[in-house]
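Accompanying notes for the structure given below.
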Amino acid sequence: MHASRSRLLTGAIAISALTLASGLAIASTSAQRTSTSAVTAASSDYVIDAVHSTIIFRIKHMDASYSYGRFNKIDGVANYDAAGGLTGLKINVDVDSVDTANSARDEHLRNPDFFNTKQFPKATFKSSGVKKSGDHTYDVTGEFTLMGVTKTITVALEHTGNGKSMQGADLAGFEGTFTLKRSDFGITKYLPTAIGDGVRLTISLETIKQ
Amino acid sequence: MPSLTGLLIGGVLPGLIALALLGLPRLSGHQRIVALSALLAPLFVALAFLPAPIVVNGKHDLWPLNAAERAIAIALAAGALGAVGRALARKGHAPAIAAIGSGAFAALAVLIALHPHAVSTGLLVGVCAAAGLWTSLAAVTLARAEAARPGLSTPLMLALTLFAASLVMLFSAIGTFAQQVGALVAITTSVALISLWKRVPVLGVSGYGVVLSILAYFVVGAWQLSRNPAIGALAIVVLLPVAIPFLVRFGATRTRRIASWIAIMAGCLGAIAWGYSIYSDALQAAPAW
């Protein structure tokens with residue numbers, strides 16, 4: 001009786017361990033899938049031209065120098081009134097596309113120590129109000145979401161110009177710089193001195209009429 | 001890199017707390033105090049672990065948005081469930097059932113954050129069930145092996161496994177997980193010292209259930225949240241805790257005991273080497289940071 005119970009227990013342990021171990025191997029690919037949230041625009045809107053738009057950031061390293069990086073995949077929509085004034089802005093950033101010119105560091109940034117991109121693949125900005133602050137400048141207030149944390153921020157944007165694409169489509173450009181504290185979004189690894197808390201972001205957007 | 005203060009509070013302090021909470025009552029010699037300490041062992045393990053996630057993550061939220069920072073909730077839930085299971089131990093298999101619950105909850109804490117966009121319902125249910133069964137059966141067999149052969153072997157073999165697990169987490173590029181599993185190494189090493197001193201089982205099914213639930217959380221977390229998880233090495237880490245009871249029981253003679261220790265060390269080194277191979281591949285570029 002005791003021997004048969006032991007055998008039963010042994011079998012159950014083996015099945016359980018093998019289930020978990022094989023589950024680790026077999027199902028790993030399913031976790032590779034990430035959601036995408038494409039930004040759609042009405043015909044009168046402008047969409048962000050990812051090829052000619054840039055988001056770069058800088059962060060202090062060891063209290064000594066600034067390291068720079070960028071996000072390579074962005075999309076979004078900009079809205080303008082009849083006079084060409086900016087009225088709204090929505091930006092989606094694929095956080096997985098972080099690029100600091102060092103592949104090992106980029107992988108670490110994508111992991112749970114920093115951006116945890118499996119759980120939080122996107123960072124977004126959605127304007128809630130745009131105020132003209134000068135002839136070519138705007139204060140754009142909106143909700144910025146990173147790592148599931150949403151903060152209201154105001155970004156000063158400069159209207160850098162209007163033009164035509166090679167295909168004749170209307171273009172409008174904006175640029176702005178602002179600073180965030182990464183700890184506000186729960187990214188606290190290597191604080192306070194190894195990697196600084198303040199992150200200065202510069203966004204340069206070219207939008208193209210649809 | 002972690003600061004010295006961080007290492008002391010996150011890594012050494014859990015071991016000292018475990019040594020104090022689990023060891024000091026046995027100094028008293030009063031049977032009632034020793035019995036109460038044994039009853040509360042799961043809670044003591046959970047309490048000893050808590051400084052690690054608080055220091056490593058720099059926050060003490062019970063259920064943060066970031067699924068990688070939920071170890072506090074896992075430890076407290078496993079400790080509470082373990083204590084209830086231990087209190088009801090005379091009524092059947094309560095400790096084993098409690099361990100199923102805490103192990104499943106540990107996996108759920110990670111997977112629910114990825115469901116449904118990256119994890120299907122089937123995978124979520126399957127992994128939670130497997131994690132619960134694994135936690136319970138490993139805890140039961142570890143406790144029985146320790147009861148059959150009291151002493152250093154069972155907790156120290158588990159400590160070695162956890163050390164390997166910590167390095168595998170590091171090689172999966174999750175330093176925060178590695179540090180927290182390091183706290184489990186400190187706790188189980190303290191348990192091993194007490195076991196060596198008193199030659200009695202210290203943790204029991206419920207205590208091992210807490211340690212294994214926390215480990216299950218980090219294994220599932222590394223597997224699902226790391227961009228480049230060391231899958232093979234993690235699989236070895238999963239298999240080792242259920243292999244330890246067999247190795248402990250196998251070690252009846254001196255020769256067999258040596259063979260058992262060689263086997264567990266080979267398993268740990270295998271996991272570390274497999275994890276390192278992935279890590280070194282990732283580091284083909286210039287050193288990070």
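Being a predicted model, the structure only gives us computed values, none of them experimental. A note on names: the letters A, B, ... follow the listed sequences, proteins ahead of strands, and every chain is numbered from 1.
Checking A:Asp106 against A:Thr100 by side-chain atom types alone, a donor-acceptor pair falls below 3.5 Å. Using modelled atom types and a 3.5 Å distance limit, the side chains of A:Ser183 and A:Thr188 yield no donor-acceptor pair. Using modelled atom types and a 3.5 Å distance limit, the side chains of A:Tyr80 and A:Thr207 yield a donor-acceptor pair.
Of the listed residues (B:Val110, B:Asn66, B:Leu65), the greatest number of heavy-atom pairs within a distance under 4.5 Å of chain A belongs to B:Asn66. By number of non-hydrogen pairs under 4.5 angstrom with chain A, the leading residue of B:Asn57, B:Leu225, B:Val56 is B:Leu225.
The backbone N or O of A:Asp96 lies less than 3.5 Å from a partner atom in the side chain of A:Asp94, making a donor-acceptor pair. A distance-only check finds no donor-acceptor pair linking the side chain of A:Thr160 to the backbone of A:Glu175 [under 3.5 Å].
Using a 4.5 Å cut-off between heavy atoms, B:Asp61 does not touch chain A at all.
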Please report the C-alpha distance between A:Thr145 and A:Phe120 in whole Å, then the side-chain angles of each, then the deciding distance to 0.1 Å, and finally whether the side-chain contact (heavy atoms from CB on, under 4.5 Å) criterion is met. CA-CA 10 Å; A:Thr145 303; A:Phe120 305 109; over 6 Å; no
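In summary, the aromatic rings of A:His159 and A:Tyr138 are positioned with their centroids too far apart to meet the 6.0 Å limit.
Residues from residues 169-177 of chain B that place a non-hydrogen atom less than 4.5 Å from a non-hydrogen atom of chain A comprise B:Ser172, B:Ala173, B:Ile174, B:Gly175, B:Thr176, given in numerical order.
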